[in-house]
Structures are given as structure tokens and as C-alpha cells.
Amino acid sequence: MRYWLMKSEPHDFSIDDLENRPNQTEPWDGVRNYQARNFMRDGMSVGDRALFYHSNTKVPGVVGIMKIVSEAYPDPTAFDPEDKHYDPKSNPDNPRWYHVDVGFERKLSRTIGLSEIKARADEFGDFQLIRKGNRLSIMPVSKAQWDLILSME
DNA sequence: GCCAACGTTGGC
DNA sequence: GCCAACGTTGGC
């Protein structure tokens with residue numbers, strides 16, 4: 001089993017939105033970055049777990065835990081001209097974008113802020129989240145990093 | 001709202 | 001294949 005971190009802007013889709021979905025699952029659609037796609041398509045397996053991270057908000061940070069509940073499959077929003085994430089270069093015969101479904105596991109009792117994580121950068125070691133200029137929305141997390149974040153809850 | 005950092009596009 | 005221009009991400 002692997003560990004991941006997945007970012008979402010809470011005004012687009014938040015941990016509460018996920019919790020309130022009928023089955024508490026949701027396709028993690030709209031990813032249009034090759035590295036992030038490759039992590040979902042080639043790296044993830046059902047049963048993996050992921051930190052839900054709120055980005056571009058007042059207190060950016062880790063807010064909950066999800067599990068990966070599907071294998072990767074083509075992202076249909078790329079085929080829909082009406083969709084915000086439409087990509088004319090992706091089509092059903094040759095899909096460019098893939099995603100997985102995620103499931104709600106639990107909310108953290110509080111937000112583990114990015115600033116708190118940065119303050120302990122030494123303990124986290126090489127962590128994409130706190131690399132300078134990081135813009136990746138999906139990234140792997142080591143077991144040690146996972147445990148460290150949850151120990152800060 | 002600003003802007004630095006980054007990824008993508010497209011002309012050459 | 002290079003690289004300038006552009007669009008996006010995301011912290012602050």
C-alpha cells in the first residue's frame with residue numbers, strides 16, 4: 001500500500017463535500033498535469049490512502065484522509081466541450097487524462113497547516129509539498145512523512 | 001490581488 | 001530543438 005497527498009481548492013471541492021457525497025466517493029477529475037496523471041494512472045492502487053490537502057485558501061494544509069477506491073480510468077470531463085477542463089486533444093479512442101475515485105475516510109480533528117509542516121522541514125526530509133515553487137497537485141508521501149503528519153493532529 | 005515559479009505551446 | 005510568450009498554480 002502506498003501513501004499520497006492530493007490537493008484541492010476547498011471552494012471547488014472540499015473534504016466536507018466529499019463527506020457529504022451519497023457514497024462518500026468522488027472521481028478526482030480535472031487533473032491536467034502529466035506528472036499528477038502518471039501518479040494516478042501508474043502509481044495508485046485500490047486501498048492506497050491519501051491526505052486531503054486544501055490549497056489556495058486561508059489556512060492551506062492537510063484536512064483529512066481518503067482512500068483510493070478505483071483503478072485509474074479515462075477522465076470523461078476531458079471529452080465534454082461544456083466542461084471547464086475540456087481538452088480537445090483527448091478523445092475516448094485515445095484518452096489523454098486519467099483519474100481515480102477517492103473515498104472519504106475521516107476528517108482530521110484540525111487542519112495541519114502548511115506552515116507547521118514547513119516549520120518541521122528537517123524532520124520531513126525531501127517532501128515535494130515543501131519544495132520551493134512546488135505546484136504539483138498529487139504527490140507521493142512516505143510512510144514516515146504520513147506518520148509524522150498524523151502525529152501532529 | 002500580487003506575483004514567483006512552473007508547465008505548455010508554438011514559431012522559427 | 002530552442003526559447004519566448006503565455007496561462008496556471010498557489011502561497012502570501
Side-chain angles (χ1 to χ4, degrees), chain A residues 2-21 26-44 48-68 72-102 104-142 144-153:
Chain A
R2 292 197 178 91
Y3 298 93
W4 306 93
L5 180 146
M6 301 170 80
K7 296 180 184 174
S8 177
E9 303 191 15
H11 58 266
D12 286 340
F13 186 72
S14 71
I15 185 76
D16 293 317
D17 293 330
L18 179 61
E19 184 176 19
N20 292 327
R21 285 290 188 264
E26 180 78 358
W28 201 263
D29 57 22
V31 171
R32 299 291 180 267
N33 170 280
Y34 291 106
Q35 238 187 314
R37 176 203 70 183
N38 293 347
F39 283 135
M40 285 198 284
R41 192 188 59 186
D42 309 329
M44 288 185 181
D48 285 1
R49 297 165 85 205
L51 300 169
F52 197 129
Y53 179 95
H54 281 177
S55 66
N56 217 348
T57 189
K58 205 165 184 181
V59 182
V62 176
V63 294
I65 300 176
M66 307 184 278
K67 52 208 164 195
I68 308 305
Y73 60 99
D75 182 345
T77 65
F79 309 141
D80 176 5
E82 302 296 312
D83 194 275
K84 183 182 170 191
H85 300 288
Y86 175 58
D87 181 355
K89 291 174 183 162
S90 187
N91 65 76
D93 293 331
N94 187 18
R96 176 177 291 202
W97 303 111
Y98 286 76
H99 65 211
V100 297
D101 293 346
V102 298
F104 178 82
E105 187 168 315
R106 71 176 179 91
K107 281 208 272 189
L108 301 191
S109 57
R110 67 183 198 87
T111 299
I112 311 300
L114 177 63
S115 59
E116 296 177 62
I117 294 170
K118 281 183 171 170
R120 298 177 67 172
D122 288 353
E123 296 166 75
F124 278 99
D126 187 22
F127 192 11
Q128 302 224 27
L129 185 68
I130 52 178
R131 271 190 215 157
K132 185 179 173 175
N134 164 63
R135 290 169 47 195
L136 196 57
S137 66
I138 298 177
M139 67 191 73
V141 175
S142 73
Q145 290 162 345
W146 177 277
D147 290 341
L148 185 50
I149 285 176
L150 294 185
S151 78
M152 294 162 71
E153 187 178 358

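We use all heavy atoms of the structure for the numbers below, so side chains are in, but hydrogens, waters and symmetry mates are not. Naming convention: chains lettered A, B, ... in sequence-line order (proteins, then strands); numbering from 1 in each chain. All of these numbers come straight from a predicted model, not from anything done at the bench.
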Using atom CD of A/Glu9 as one end and atom P of C/dT9 as the other, report the distance to the nearest whole Å. 7 Å
Without decimals, in angstroms, what is the distance between A/Asn134 CG and B/dA4 P? 18 Å
Should we say atom CZ of A/Arg2 is surrounded by more than 12 heavy atoms from elsewhere, each under 6.0 Å from it? no
For a quick test of reading the model: is some side-chain N or O of A/Lys118 closer than 4.0 Å to OP1 or OP2 of C/dG11? no
A/Gly133 or A/Lys89: which one's nearest nucleotide on DNA chain B is closer to the 5' end? A/Gly133
Would you check if the side chain of A/Asp29 reaches a backbone N or O of A/Pro76 as a donor-acceptor pair within less than 3.5 Å? no
Give a yes or no answer on whether the side chain of A/Arg32 reaches the backbone of A/His85 with a donor-acceptor pair at less than 3.5 Å. yes
N or O in side chain of A/Tyr53 less than 4.0 angstrom from C/dT9 OP1/OP2: no
Would you check if the side chain of A/Thr77 reaches a backbone N or O of A/Asp83 as a donor-acceptor pair within less than 3.5 Å? no
Nearest whole angstrom, please: distance from the C1' of B/dT8 to the NE2 of A/His85. 17 Å
Rounded to whole Å, CD of A/Gln35 lies from C1' of C/dT8 at a distance of 15 Å
Could you tell me how far apart A/Phe13 (CZ) and C/dT9 (C1') are, to the nearest whole angstrom? 20 Å
Nearest-Å distance, NZ (A/Lys7) to C1' (C/dG11)? 10 Å
Report which part of the nucleic acid A/Lys58 touches: base, sugar-phosphate, or nothing (heavy-atom distance under 4.0 Å, all strands). nothing
Whole-Å distance, A/Asn33 CG to C/dT9 C1', equals 10 Å
If I take atom CG in residue A/Leu114 and atom C1' in nucleotide C/dG10, what distance separates them, rounded to the nearest angstrom? 10 Å
Whether A/Lys132 contacts B/dA5 is assessed here as follows: a side-chain N or O lying under 4.0 Å from the phosphate OP1 or OP2. Is that the case? yes
